[in-house]
Structure formats: structure tokens, C-alpha cells
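Taking it in order: structure first as C-alpha cells, then the write-up.
The structure presented is a predicted model; accordingly, all values stated were derived computationally and were not measured. Every heavy atom of this structure was used, including side-chain atoms; hydrogens, water molecules and symmetry mates were not. The chains referred to below are lettered A, B, ... by the order of the sequence lines, with proteins before strands, and numbering in each begins at 1.
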Amino acid sequence: DQQVKQNSPSLSVQEGRISILNCDYTNSMFDYFLWYKKYPAEGPTFLISISSIKDKNEDGRFTVFLNKSAKHLSLHIVPSQPGDSAVYLCTGGSNYKLTFGKGTLLTVNP
Amino acid sequence: DVKVTQSSRYLVKRTGEKVFLECVQDMDHENMFWYRQDPGLGLRLIYFSYDVKMKEKGDIPEGYSVSREKKERFSLILESASTNQTSMYLCASSPLQVQETQYFGPGTRLLVL
């Protein structure tokens with residue numbers, strides 16, 4: 001069973017516009033959520049996190065929104081830059097353990 | 001900066017061989033993890049360790065074992081490699097105080113022939 005789902009395998013946006021990456025989860029026990037960025041042949045890099053008791057967290061161009069009733073979170077990147085092109089992994093966590101989604105490939109076109 | 005290093009970027013082994021994948025972190029983190037990443041399946045947790053000599057099974061421990069003799073080093077062992085263990089292996093670590101944020105190594109791409 002897939003506890004963290006990223007239903008869009010890919011997303012393409014123009015430079016300067018907003019990128020919105022979506023994620024749904026089924027496990028109500030997650031205490032926190034994270035987004036990781038991954039380039040090919042590299043390990044994931046931590047991007048931003050949000051506690052399950054919050055509904056928004058912002059860090060520069062990146063904002064994560066959490067809707068617990070819908071079991072949905074999203075990552076907004078504004079403005080998008082070509083360097084943002086990567087796979088984004090949505091992750092739910094509880095205690096030590098992280099559960100990853102399969103990822104969304106974001107392509108930001110110049 | 002946190003640094004997690006893995007002993008090899010690429011490894012080719014034969015079926016039945018014993019394989020050791022080494023991971024070292026330099027930030028004195030308590031927790032260490034081994035994942036594998038496969039196309040269409042995402043990252044899956046194999047084993048993790050929250051202290052020296054302590055280990056817990058993750059979601060897919062079958063065919064693997066681990067060793068943590070020192071705090072900075074976490075080894076993944078394939079006792080008898082099989083072709084279905086061909087994968088990208090990722091090591092990660094996290095501190096006790098902020099254990100939700102894991103820091104990953106660059107990965108080892110293992111091919112078992």
C-alpha cells in the first residue's frame with residue numbers, strides 16, 4: 001500500500017512562474033512532512049518540512065501547505081528557476097522513519 | 001555542512017557474492033539508515049540504527065543485514081547477492097534532536113550479475 005502518493009509523475013513550467021507540486025497521504029500517524037529534491041545519480045537533498053500541527057511553512061521561494069482534513073500537502077515554488085529542475089520527493093515521517101512518495105519530475109523551462 | 005559518504009559510487013558483483021556497502025557520516029548523528037531506490041517504487045527503508053550496535057528492520061530487510069560498531073559508520077551487508085538486489089542504495093543520517101531531517105549520501109549503484 002502506498003502511504004504517500006504523488007500522482008503527477010512530471011510537471012513542466014516556465015521560468016518565473018509558480019510551480020505547484022502535490023502530494024496525498026493515507027497514514028494519519030505522520031508527525032511531520034518533508035520535501036526532498038533529487039538530481040539524477042545523487043542522494044536526495046532536504047528542502048523544507050512542516051509539522052503536522054501546522055498548515056503552512058515558508059522558506060524563501062518555497063512554501064509548503066498542509067491540509068490535514070484532506071490528507072494533502074503541496075509545495076509551491078515562486079518564482080521557478082531553471083535550477084529547480086529536479087525530482088521532488090514528498091515524504092511523511094513518524095519517529096525515526098520516513099515514507100517517500102515516488103516523486104515528481106519538475107522541469108523549469110527558460 | 002553535514003557530510004554522508006558512501007564507499008563506492010558504482011559496484012558490480014556476481015550472484016552469491018558477499019557484498020559490503022559502507023556509509024560514514026561526520027556530524028555525530030545518532031540515527032543512520034539504509035534505503036534502496038528502484039524505478040517506479042521510490043525509496044524504501046531496509047534497516048536503520050538509532051545507536052551503536054542497535055538496529056531495527058525497515059520495510060524490506062529480507063536478504064540484508066547491517067552492522068554499526070561505531071557511531072559514524074553504518075554498513076549494509078548482502079550475505080549472498082542476488083540479481084533482484086541490483087539497485088541504487090542510499091545511506092542517510094539524522095540527529096537525535098532533529099531526527100525528522102535525514103541527510104543522504106550520494107548513493108551506490110549496485111549491479112549483481
Side-chain angles (χ1 to χ4, degrees), chain A residues 1-10 21-27 29-54 57 59 62 64 66 73 75 86-105, chain B residues 1-6 8-10 21 23-25 27 29-51 54-61 74 87-110:
Chain A
D1 79 14
Q2 214 180 321
Q3 298 183 45
V4 178
K5 297 178 188 178
Q6 295 179 255
N7 292 319
S8 298
S10 63
L21 296 103
N22 293 303
C23 177
D24 298 299
Y25 64 94
T26 58
N27 187 343
M29 302 303 290
F30 287 141
D31 298 314
Y32 46 87
F33 301 88
L34 307 94
W35 285 92
Y36 280 84
K37 183 177 177 181
K38 189 178 184 307
Y39 294 112
E42 292 186 17
T45 303
F46 168 72
L47 192 58
I48 191 169
S49 64
I50 186 167
S51 165
S52 62
I53 62 173
K54 298 195 171 181
N57 188 28
D59 183 2
F62 303 91
V64 57
L66 176 62
L73 65 155
L75 174 69
V87 173
Y88 288 79
L89 302 173
C90 175
T91 312
S94 180
N95 294 322
Y96 307 98
K97 293 182 66 174
L98 298 181
T99 302
F100 289 82
K102 294 181 182 179
T104 296
L105 173 63
Chain B
D1 264 0
V2 175
K3 190 147 189 199
V4 180
T5 56
Q6 296 182 227
S8 306
R9 292 301 301 269
Y10 301 95
L21 302 182
C23 175
V24 177
Q25 50 95 3
M27 283 302 291
H29 286 173
E30 287 76 13
N31 306 321
M32 296 188 75
F33 308 81
W34 275 106
Y35 294 88
R36 63 179 281 178
Q37 182 178 28
D38 300 289
L41 295 176
L43 271 78
R44 294 178 293 166
L45 181 65
I46 304 171
Y47 266 98
F48 66 100
S49 168
Y50 51 90
D51 202 352
M54 306 302 288
K55 61 185 179 185
E56 285 204 23
K57 294 179 180 179
D59 300 318
I60 50 164
F74 192 35
S87 187
M88 168 72 98
Y89 289 88
L90 290 157
C91 175
S93 71
S94 69
L96 190 62
Q97 305 90 331
V98 192
Q99 59 187 1
E100 63 267 21
T101 306
Q102 294 182 17
Y103 298 88
F104 284 82
T108 295
R109 187 164 291 283
L110 173 67

For this session: Fit a plane to each ring of Phe30(A) and Phe33(A), take the angle between them on a 0 to 90° scale, and name the class: parallel (under 30°), tilted (30 to 60°) or perpendicular (over 60°).
Result: perpendicular
Exercise. So which part of Gln37(B) gets closer than 4.5 Å to some heavy atom of chain A, the side chain, the backbone, both or neither?
Worked result: side chain
Seminar exercise, completed: Heavy-atom closest pair (Thr101(B) atom, Leu34(A) atom, distance to 0.1 Å) is CA-CD2, 4.1 Å
Exercise. In Å and rounded to the nearest 0.5 Å, what is the OH to CZ distance from Tyr103(B) to Phe33(B)?
Worked result: 12.0 Å
Problem set entry | Residue Lys97(A) excluded, over 12 heavy atoms near NZ under 6.0 Å | yes
Problem set entry | Most chain A-contacting option - heavy-atom pairs closer than 4.5 Å, from Arg44(B), Arg9(B), Glu56(B) | Arg9(B)
Problem set entry | Part of Leu43(B) lying under 4.5 Å from any heavy atom of chain A | both
